[in-house]
Amino acid sequence: MEPTNQKFLERVVSQKALQMGSSFPCQICVVGFLCGVCLTSFFLAVLTSVGTFGFTGISFSSLSMGNSPLNSSSEIINVITSSDYQSKVKETARWVDSKGREPESDDDARVSLLTEAWGALLADREPEESEFSKRFGLNKSSLPNTPHLENCKLSAQVNKHLDARSGAGGFPPWTTWKGSLNMYPATETDKNLRSFKDQPVSDGAYPPWIVGSDEENYPLTRKVQRDIWIHQHPVNCHDPNIKFLVADWEKLPGFGIGAQFAGMAGLLAIAINEKRVLVTGYFNRADHDGCKASRGSWSCYFFLETSQECRDRAFELITNKEAWEKGTIKGKDSYKSKEIWTAKVPREWGDPWSYLQPTTDINGSLIAVHHKMDRRWWRAQAVRYLMRFQTEYTCGLLNVARHAAFGKEAAKMVLASLDKDWPKVITNQPKSEIEEFVWSNHRPWVPRPLLSMHVRMGDKACEMKVVEFEEYMELAHRIQMRFPHLKNVWLSTEMQEVIDKTRSYPHWNFYYTNVTRQVGNVSMATYEASLGRKTSTNYPLVNFLMAVESDFFIGALGSTWCFLIDGMRNTGGKVMAGYLSVNKDRFW
């Protein structure tokens, strides 16, 4: 009986289960469960695909915009070969076909190819044509124009021509010509052009290193620069009436590069007041392997302050005891430290600092009058003259920096104007004369408007009021309220915490050199020593010159470095761009 009863019970339960299974609510539950399983599987597949494609494509440099190395051009070059290019295209095509979307990474591969090919030309050792062709599948001559790079060799040749007297002691060709136009090959029929080129400089011809009109620079800048050049380049350096002041750049421990510039500005003032030709000697910051033939000399970075003839004559007189006794030659030791650092500003041009326009903003107000206005004006003139022409080496440093920061953006612009099948289809067009001679004077492209910001913190707190990065960005926002298209910032700072804070401002594009920065508070001398002489000189100079070329500048006047940047901008056609400072100069 027990088995029979058990079977009966099983039959009842089975019938009941069947009835329940055929009921509508149960069917809904089953269908829902199966749908859930399907959806879960689908989303897992999608996430796996997105994770593989999307996240591997993130470039940290696109977040920081300045994450490429500066100091060695070879470090920024990660070569992509033509075979790599083709494989990237195929991989992209596979992904696009599976998703049914329009291919975009084909353009990315072309941008990478062009960017890397341009970068190879900036390497310390430029590859031979055969090597270049093997690596990139391109000829050097087939590369499109690089809008963000300068032809450094040509620029150095042109500037050398503009910085030397002509054959019979005549003036340099400071005419209305600019760039390479003065090198245009005049024919026999171009008599008027040839006659004009051969004319001596007139009183109205000013140095070609000054950009803009008188109204766009500090008062009398063009005339002062012309007169300093004439003073520093006498027709005959062996004239017994010519006197010299020979001085090394300051090299005491703890003196920053800005202090070195300020010290030499004082020595130039002394030389002009005493009617001496200033001749610079040892420059410790150029004492590194990068400077090669001009090691230990200012001429590694910029053109020398006087002619080679005068330098030779001055160093010849150094060993002449009679020349020292007569005062024909003097050295830095002939003057007290205070005489150099607070040198009397030359009065040959009156007191043009008395009518400086109020273009400096501090706490929302323009500063019309302050202490040491004469020193501010003179240091600007002195540093502008000493940096009037960059050498090929300095030009190359700037090229590497611009390419690391703006290379991909430049490549995208250029490729947009080329055949969509480049590099498979390449159209080589010879340079026209207007490209070679007239457009040669255009400065390298940078994304504009560009705001330069120098954030000085660290051990500077013992000399001035130090403020946080947020206050600098508040000033940047003020500029952006007036110029809403401003979003690019060239940031220079020695502090890593400042770089880290840029992530809090995702709507700005920050560009900066990729060097090791301070973590914590250490002295500038210790920090520079950790970088090495080459890096600790090259990267600040690049930042300095980028700040001079930028459309706007935010800094701290309490910093000598910012003070000098402001002076270079105010003698470089940037007066009306103004200057927003987070504090006053400590001597005001």
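Since the structure is predicted, the reported quantities are computational estimates derived from the model, not experimental observations.
- Considering every non-hydrogen atom in both V246 and I318, the closest pair reads CG1-CD1, 3.9 Å.
- Of the possible donor and acceptor atoms, none in the side chain of D361 sits under 3.5 Å from a partner among the backbone N and O of L366.
- Using a 4.5 Å heavy-atom threshold, the side chains of L580 and Y472 count as separate.
- When side chains are defined from C-beta on, N273 counts as touching K344, because their heavy atoms get closer than 4.5 Å.
- Residues H233 and R165 form a side-chain contact, since some pair of their non-hydrogen atoms from C-beta on lies under 4.5 Å apart.
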Quiz item: What do the steps show when you test Y579 against F552 for ring pair (Phe, Tyr, Trp, His ring centres under 6.0 Å), and what is the final call?
Solution: CA-CA 7 Å; Y579 174 23; F552 303 99; over 10 Å; no
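- Between the W353 side chain and the W378 main chain, no donor and acceptor come within less than 3.5 Å of each other.
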Exercise. Just do the side-chain contact (heavy atoms from CB on, under 4.5 Å) check on W298 and F303 with the steps written out, would you?
Key: CA-CA 7 Å; W298 180 248; F303 278 32; over 6 Å; no
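- A heavy-atom distance below 4.5 Å is not found between the side chains of Q496 and Q518.
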Exercise. Go through the steps to decide whether F544 and W561 satisfy the test ring pair (Phe, Tyr, Trp, His ring centres under 6.0 Å), and finish with yes or no.
Key: CA-CA 8 Å; F544 186 95; W561 194 242; 4.7 Å; yes
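- Judged by distance alone, the side chain of D248 and the main-chain N or O of Y282 form a donor-acceptor pair under 3.5 Å.
- Between D351 atom CG and L220 atom CG the span is 10.0 Å, to the nearest 0.5 Å.
- The two atoms that bring K251 and N284 nearest to each other are CB-ND2, 3.7 Å, heavy atoms only.
- Between F406 and Y511, the ring-plane angle classifies as perpendicular under the 30° and 60° cut-offs.
- A donor-acceptor pair shorter than 3.5 Å can be found between the side chains of W349 and D227.
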Quiz prompt | side chain to side chain donor-acceptor pair (under 3.5 Å) between Y539 and E494, worked out | solution = CA-CA 11 Å; Y539 101 86; E494 75 279 10; over 6 Å; no
Quiz item: Would F302 and Q390 count as a side-chain contact (heavy atoms from CB on, under 4.5 Å) if you check the C-alpha gap in whole Å, the side-chain angles of each, and the deciding distance to 0.1 Å?
Solution: CA-CA 5 Å; F302 300 95; Q390 299 167 14; 4.0 Å; yes
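- Taking the charged nitrogens against the carboxylate oxygens, R533 and E528 have no contact shorter than 4.0 Å, which rules out a salt bridge.
- We find the CD1-SG distance between I242 and C310 to be 7.0 Å, quoted to the nearest 0.5 Å.
- Taking 4.5 Å as the limit, every side-chain heavy atom of E549 sits out of range of all side-chain heavy atoms of L450.
- Residues forming a ring-ring contact (aromatic ring centres under 6.0 Å, His included) with Y301 (at least two apart in sequence, or on another chain): Y393.
- A donor-acceptor pair under 3.5 Å links the side-chain atoms of N159 to the main chain of S155, judged by distance alone.
- Using a 4.5 Å cut-off on side-chain heavy atoms (C-beta onward), M495 and R517 make no contact.
- A distance-only check finds no donor-acceptor pair linking the side chain of D374 to the backbone of V345 [under 3.5 Å].
- In this model, a donor atom of one side chain and an acceptor atom of the other lie less than 3.5 Å apart for N570 and Y218.
- Annotation: E322, atom CD; neighbour count of heavy atoms from other residues, nucleotides and ligands within 6.0 Å does not exceed 12.
- Smallest separation of non-hydrogen atoms from P172 and L162: CB-O, 3.4 Å.
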Quiz prompt | Chi angles and distances behind the side-chain contact (heavy atoms from CB on, under 4.5 Å) call for K330, F244 | solution = CA-CA 6 Å; K330 282 188 176 183; F244 299 94; over 6 Å; no
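- Side chains of R285 and Q260: a donor on one and an acceptor on the other come within 3.5 Å.
- Tested against T535 for a side-chain contact (heavy atoms from CB on, under 4.5 Å), the candidates T537, N538, L531 yield a single pass: L531.
- For the atom pair CD (E305) and OG (S299), the distance works out to 9.0 Å, reported to the nearest 0.5 Å.
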Self-check item: F389 vs W209, ring pair (Phe, Tyr, Trp, His ring centres under 6.0 Å): CA-CA, chis, key distance, verdict
Solution: CA-CA 7 Å; F389 287 131; W209 59 85; 5.4 Å; yes
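- Remark: the backbone N or O of V455 is paired with a side-chain donor or acceptor of T493 at under 3.5 angstrom.
- With hydrogens and angles disregarded, a donor-acceptor distance shorter than 3.5 Å links the side chain of R569 to the backbone of D551.
- Looking only at side-chain heavy atoms (C-beta outward), S452 and F553 come within less than 4.5 Å of each other.
- Using cut-offs of 30° and 60° on the angle between ring planes, the pair W174 and F171 is perpendicular.
- In this structure, R311 contributes its side chain and T280 its backbone to a donor-acceptor pair below 3.5 Å.
- Aromatic ring pairs are classed by plane angle as parallel below 30°, tilted from 30° to 60° and perpendicular above 60°; the pair H148 and W118 is tilted.
- Taking 4.5 Å as the limit, some side-chain heavy atom of R402 sits within range of a side-chain heavy atom of M546.
- With respect to the salt-bridge test (charged N to carboxylate O, under 4.0 angstrom), the residues K332 and E250 qualify.
- Taking CD1 of I230 as the reference point, atom CD of Q225 lies at 11.5 Å (rounded to 0.5 Å).
- Here the side chain of W377 pairs a donor or acceptor atom with the backbone of P219 at under 3.5 angstrom.
- Side-chain polar atoms of S213 and E215 form a donor-acceptor pair below 3.5 angstrom.
- The number of heavy atoms from other shown groups lying within 6.0 Å of NZ (K223) does not exceed 12.
- At a cut-off of 3.5 Å, with distance as the only test, a side-chain donor of H454 or S492 sits close to an acceptor on the other residue.
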Exercise. Could you go through the side-chain contact (heavy atoms from CB on, under 4.5 Å) check for Q232 and Y385 one step at a time?
Key: CA-CA 10 Å; Q232 286 291 114; Y385 174 77; 3.3 Å; yes
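- Judged by distance alone, the side chains of T571 and Q381 never bring a donor and an acceptor atom under 3.5 Å apart.
- In this structure, OG in S297 is found 12.5 Å from CZ in R295, a value given to the nearest 0.5 Å.
- Taking each heavy atom of G558 and N583 in turn, the nearest pair found is N-OD1, 3.0 Å.
- Pairing each heavy atom of A269 with each of A343, the nearest pair is CB-CB, 4.1 Å.
- Of the possible donor and acceptor atoms, none in the side chain of H442 sits under 3.5 Å from a partner among the backbone N and O of P147.
- Checking E316 against N320 by side-chain atom types alone, no donor-acceptor pair falls below 3.5 Å.
- Heavy atoms of other residues, nucleotides or ligands lying less than 6.0 angstrom from CG of D239 number more than 12.
- The two residues R222 and G212 have their closest heavy-atom pair at CD-O, 4.0 Å.
- A distance of 13.5 Å separates CZ in R313 from OG1 in T306, rounded to the nearest 0.5 Å.
- For S523 and T526, the side-chain atoms include at least one donor-acceptor pair closer than 3.5 Å.
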